[in-house]
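Report on the following structure.
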Amino acid sequence: MTGTQSAWRILDDSISLSSDDQHTSEMVSTLLTSFAEIDPVGVSPDNTFFVATRVGGFELRRGDQLAEAHPSRPELILRLLAEINRSVVDSYLGFAAHAGVVALKDRVIAIPGVSGAGKSTITAACLAAGFDYLSDEALCIEFDGQTIDPYPRPLQLHKAAFLALGLDVPIEFAESTEAPITPHDLGARTASPGLRLAEVVFLDRRPGRTHLQAMPRGEAAGSLLSLSFNHYKRPAASFELVTEIMQTARGWVISLEDPLEGARRLQSEFA
Amino acid sequence: MSASPVGPTSKSIVVTEIDGDLALYDPRRERVLTLNHTASAIWRLIDGTRTLDELVDHLADAFDLDPDSIREEVETTVDRFTKEGFLLSDL
């Protein structure tokens, strides 16, 4: 295939993209700009994604797997980002849990929640309020040292979230139900590696005013473990890691309807 | 239920204290159970010799409560430990 080839180091994984569509390559490169670019030559064929233009759309293939057809570029890119996310989270060697993760100075705040709980929306609201970004998807903690690995993938927001946050949907994704947006688009910067978890805030979306209340640390530890992607790989080490972290980190529940109000409440509490 | 001893707890279970409350990990089942203050107090009393009535009496003494007012919570908590497999007799 003729075209461009790019590669990135993301968490513990290396991902390569080979594409004959220049526009797709440029859009993906922009969306993955938070990750270090690497030489594609060293990337495993299994971690190489191929994009090819076809009549009526695009094909996406990973390694030697069967190609998937996608009728539009936005759909292709959303699928590619989802596949990359799955790959890098699966191969992460530390502890990973479903969570949005932001920081105020060096104070890291994890916002755990299942898919659809609103993690990306509150994360985006926090970035718009001046927080630094670590992830809208995964809290990634090294077993050795208990430090957090930033995973600053593009935030994935539903259209309703763009509306709630007063943001414009990127024009290329005007017809999609969701769209990616970079932390840079929200005026945020990526937090540095090596920080430690300070606050764990569980989401409780409900109508009404925002309310933040303390949660017992043990309960927070159990809930965080239950939202892990990969604790089954090293269950005893995951239990030890999370319970040790929760000796000092604090647990919270935030009840909210308006994500912007929620972000302001977190800012006033943790600044 | 109240006539026979409750437990004992399995020795293989890893117990960690967080803010005075306990978190339990059963490595054989790879299960985690986090306990509130009352459940933590009940867990600490289970030694394989105390009956349910004795657990209730100990807790009532410790927290200066009427035994009848806490019996249901103790029964429910012990049931939960049993159902979750954290008592040795159920492993």
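Below, chain A is the first sequence line, B the second, and so on; all start at residue 1.
- Annotation: residues 229-249 of chain A contacts chain B through A:Y232, A:P235, A:A236, A:F239, A:T243, A:M246, A:Q247 [non-hydrogen atoms, separation under 4.5 Å].
- For A:R189, the CZ atom is loosely surrounded, since the number of other residues' heavy atoms within 6.0 Å does not exceed 12.
- Near-neighbour residues of residues 208-219 of chain A relative to chain B, defined by a heavy atom under 4.5 Å from a heavy atom of that chain, comprise A:P216, A:R217, A:G218, A:E219.
- Contacts of residues 105-139 of chain A with chain B at a heavy-atom distance below 4.5 Å are absent; not one residue qualifies.
- For B:D66, the CG atom sits in a packed shell: over 12 heavy atoms of surrounding residues, nucleotides or ligands are nearer than 6.0 Å.
- Counting heavy-atom pairs under 4.5 Å between each of B:V32, B:L22, B:L33, B:L35 and chain A puts B:V32 at the top.
- Chain B is approached within less than 4.5 Å, heavy atom to heavy atom, by no residue from residues 78-93 of chain A.
- For the residue pair A:A221 and B:I18, the shortest heavy atom distance occurs at CB-CD1, 3.9 Å.
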